[in-house]
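Just so it is clear: chains get the letters A, B, ... in the order the sequence lines come, proteins before strands, and each one is counted from 1.
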Protein chains: 2
Amino acid sequence: MSMHQRRLDLKNGCVDLSHGAGGRAMAQLIAGLFHEAFGNEWLARGNDQSAFDVAAGRMVMTTDGYVVSPLFFPGGNIGSLAVHGTVNDIAMAGARPLYLSASFIIEEGFAFADLKRIADAMGEAARAAGIAIITGDTKVVERGKADGVFISTAGVGVLPEGLDLSADKARPGDRVLLSGSLGDHGVAIMSKRQNLTFDTEIVSDSASLHDLVADMVAAGGQGIRLMRDPTRGGLAATMNEIAQQSNLGFRLLEEAIPVKPAVAAACELLGLDPLHVANEGKLVAVVAPEVADAVLAAMTRHPLGRDAADIGEAVADDHRFVQMATSFGGGRIVDWLSGEQLPRIC
Amino acid sequence: MSMHQRRLDLKNGCVDLSHGAGGRAMAQLIAGLFHEAFGNEWLARGNDQSAFDVAAGRMVMTTDGYVVSPLFFPGGNIGSLAVHGTVNDIAMAGARPLYLSASFIIEEGFAFADLKRIADAMGEAARAAGIAIITGDTKVVERGKADGVFISTAGVGVLPEGLDLSADKARPGDRVLLSGSLGDHGVAIMSKRQNLTFDTEIVSDSASLHDLVADMVAAGGQGIRLMRDPTRGGLAATMNEIAQQSNLGFRLLEEAIPVKPAVAAACELLGLDPLHVANEGKLVAVVAPEVADAVLAAMTRHPLGRDAADIGEAVADDHRFVQMATSFGGGRIVDWLSGEQLPRIC
């Protein structure tokens, strides 16, 4: 189709309002940039929706918006993050991700070259996760009415039979398993934002966790009560949410929680608490005590769970407090932050 | 849960960065405003994804971003639009919509009262369409980094067995059916934006079309080749897209295309061509000639297809031109617009 083969100037060009207008320029942008990056049979059909076959069973659906600033950071960019984050929200139900949609809101003047890097990262992250971005939308707003690009992805996945994880399912006595070190993503973003450099580069942990989850489900089955990825608000917010929804408390062990030395040092410098910092490639699982060892062993055998640890337990507590036994033998309450520590971290 | 029962000041309050931070303020906003408006059992479980049962078969998925300006307009607001538009993208495949997700990107300082009007309109539109908004996400960006609120909705639906509509399926001789008058949405937005008033208020046609589509599918079955909703770029862009994808041309009859007198007058005044103006409650169907009468009759029996008309036919044409026989007996080529006529119309 001649119209679709006219080339965009991907090196020097930039997005203008016509690229969101539903006409020829938009068709060129979609064909020349997004289809190239996401390349799959669904998009090639050029419809406003895509169809796929499903078996009878239980599915999950999720969505997340991504407004991270800066758009490019050590370990990824907004595009890879928009795939990993939504894959992970599907995976936290114990489900296998199948398909994603992507909605782009782009500021007039945004460079095609940057948009291509972002779309390429999305395509790559999707292929790595074994899924496809099968439908999308592009809107352009005037200069000054957005900030570069915002992406909202939605995803669907399929649940293994009999699995029904939910944040209200924790029971006193359950163990809390964390898949690895805290704070990498948030500190990578903040370092980049503040132009800080460290001896060791701090890289976002942004990654798709569904494969790790499949191993955990194989090991723990219905003994897994729930899983959550501690993104915005960090582990502190996640544990408080679960405490609220399951109507119990948690006792965590500070010394059991892995934090990389470079991340700990950066947190000191930036005045951050790793417990409140966002992660994009970590999960916390609350599991029945009788399966905890098997699930933890499965986690540590997986590359994304190498540093997994048992960090504490659920306890009966009408106050729903998340308590932490500190390394010095004391204790403290881990609360939600009431304000905003790290705006636009994801 | 005490935390979730603390009330937001929905009258005088506004969104700040803490409402996107993953902590207590965000939980309050979600429980106090979005759950109230969307109220359903899925959201009440408070997970980052929602699960639902499906029968074996074929599903569709779609997404759209909404950046319309102004946010409130005659006939709706960005919230109702975000439901109707995504329902319609599902319906254009001939599918029955099931579930939506909603991702909000909100500018710091946006009034809770306005956000509530928007969320209420979404909930109402979803209930009217017989679907539920089962999962969502909220991000907040700094003042000046967005424009009020942007919404991206995604949706899934289920296809009747044997139906496979696609923009590459038109054949020479097929009829083109339009469900009603052109230009209402775009002109309603532009009038509001320019503070124009007319004797007759021009109201957006924003509406969910899946019910009309079900009637059409019942009447025309697999004789329906494809359906499209002529949103951004209007009927002109839609027909050119189909011509490209089906590798043929169209001959349309200008006098057969319904345009309301008030809309025609406003278009004159604003220098717009109704063929290029966005619609949000209209569809165009390309159907086999043998089912055209039955499908058109089904359309005119439905409240949203009362003014439906047969507006022309598909023809063999290697140039893939969309031609129009004008009321004065002449002819012209209906091209895509190369630039942007109406930014942020949806």
Side-chain angles (χ1 to χ4, degrees), chain A residues 1 3 17-18 21-25 45-65 67 89-90 92-93 99 101 103 105 134-137 139 141-142 145-147 150 152 154 156 159 166-168 231-233 237 244-245 336-340 343-344, chain B residues 1 3 17-18 21-24 45-65 67 89-90 92-93 99 101 103 105 134-137 139 141-142 145-147 150 152 154 156 159 166-168 231-233 237 244-245 336-341 343-344:
Chain A
M1 301 192 292
M3 178 199 94
L17 289 173
S18 75
R24 202 188 295 271
R45 290 187 83 185
N47 292 313
D48 288 337
Q49 73 299 112
S50 285
F52 51 88
D53 291 314
V54 293
R58 208 159 160 75
M59 294 185 72
V60 298
M61 181 175 191
T62 190
T63 192
D64 255 339
V67 299
D89 276 347
I90 294 169
M92 292 310 105
Y99 303 107
S101 65
S103 160
I105 296 172
I134 61 172
T135 188
D137 184 58
K139 291 290 190 305
V141 298
E142 307 89 330
K145 300 295 186 183
D147 191 14
F150 302 140
S152 291
V156 293
L159 268 174
S166 185
D168 53 6
T231 57
R232 276 181 290 179
Q244 291 291 337
Q245 288 171 8
W336 315 56
L337 290 183
S338 50
E340 167 56 296
R344 299 185 61 186
Chain B
M1 303 191 290
M3 175 197 98
L17 290 172
S18 75
R24 202 186 296 268
R45 289 188 83 184
N47 291 313
D48 288 336
Q49 73 297 116
S50 285
F52 51 88
D53 291 314
V54 293
R58 208 159 163 75
M59 293 186 73
V60 299
M61 180 173 193
T62 190
T63 192
D64 255 338
V67 298
D89 276 348
I90 294 169
M92 292 309 105
Y99 303 108
S101 66
S103 161
I105 296 172
I134 61 171
T135 188
D137 184 57
K139 294 288 189 308
V141 299
E142 307 90 329
K145 299 295 187 183
D147 191 15
F150 302 139
S152 291
V156 293
L159 268 173
S166 185
D168 54 6
T231 56
R232 276 182 291 180
Q244 292 291 336
Q245 288 170 9
W336 317 55
L337 290 183
S338 49
E340 167 57 294
Q341 190 187 25
R344 302 184 60 188

[X] vs [Y] side-chain heavy atoms within contact, under 4.5 Å:
X: B:Asp137; Y: A:Arg232; result: yes
X: A:Val67; Y: B:Lys139; result: yes
X: A:Met59; Y: B:Val54; result: yes
X: B:Val156; Y: A:Val156; result: yes

I'd like to know which of [options] tops the heavy-atom pair count under 4.5 Å against chain A.
options: B:Arg45, B:Glu142, B:Met92; answer: B:Arg45
options: B:Gly65, B:Ala55, B:Ala237; answer: B:Gly65
options: B:Ser50, B:Ala93, B:Ala154, B:Gly136; answer: B:Ser50
options: B:Thr231, B:Leu159, B:Ile105; answer: B:Ile105
options: B:Asp168, B:Asp48, B:Ile134; answer: B:Asp48

Quiz prompt | Steps toward side-chain contact (heavy atoms from CB on, under 4.5 Å) verdict (A:Leu17, B:Arg344) | solution = CA-CA 9 Å; A:Leu17 289 173; B:Arg344 302 184 60 188; 5.7 Å; no
Quiz item: When heavy-atom pairs shorter than 4.5 Å are enumerated against chain B, which of A:Ala51, A:Gly23, A:Gly233 gives the highest number?
Solution: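 Highest number of pairs under 4.5 Å: A:Ala51.
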Report yes or no: does [X] contribute a side-chain atom to a donor-acceptor pair with the main-chain N or O of [Y] at less than 3.5 Å?
X: A:Asn47; Y: B:Ala167; value: yes
X: A:Ser101; Y: B:Thr62; value: no
X: A:Gln49; Y: B:Asp89; value: yes

Exercise. Of all the heavy-atom pairs spanning B:Ala146 and A:Phe150, show the shortest one and how long it is.
Key: CB-CE1, 4.2 Å
Self-check item: Which atom of B:Met61 lies closest to which atom of A:Phe52, heavy atoms considered
Solution: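 Heavy-atom minimum between the residues: CB-CE2, 3.8 Å.
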Practice problem: Apply the test side-chain contact (heavy atoms from CB on, under 4.5 Å) to residues A:Ser152 and B:Thr63: give CA-CA distance (whole Å), side-chain angles for both, the deciding distance (0.1 Å), then the verdict. | Solution: CA-CA 9 Å; A:Ser152 291; B:Thr63 192; over 6 Å; no
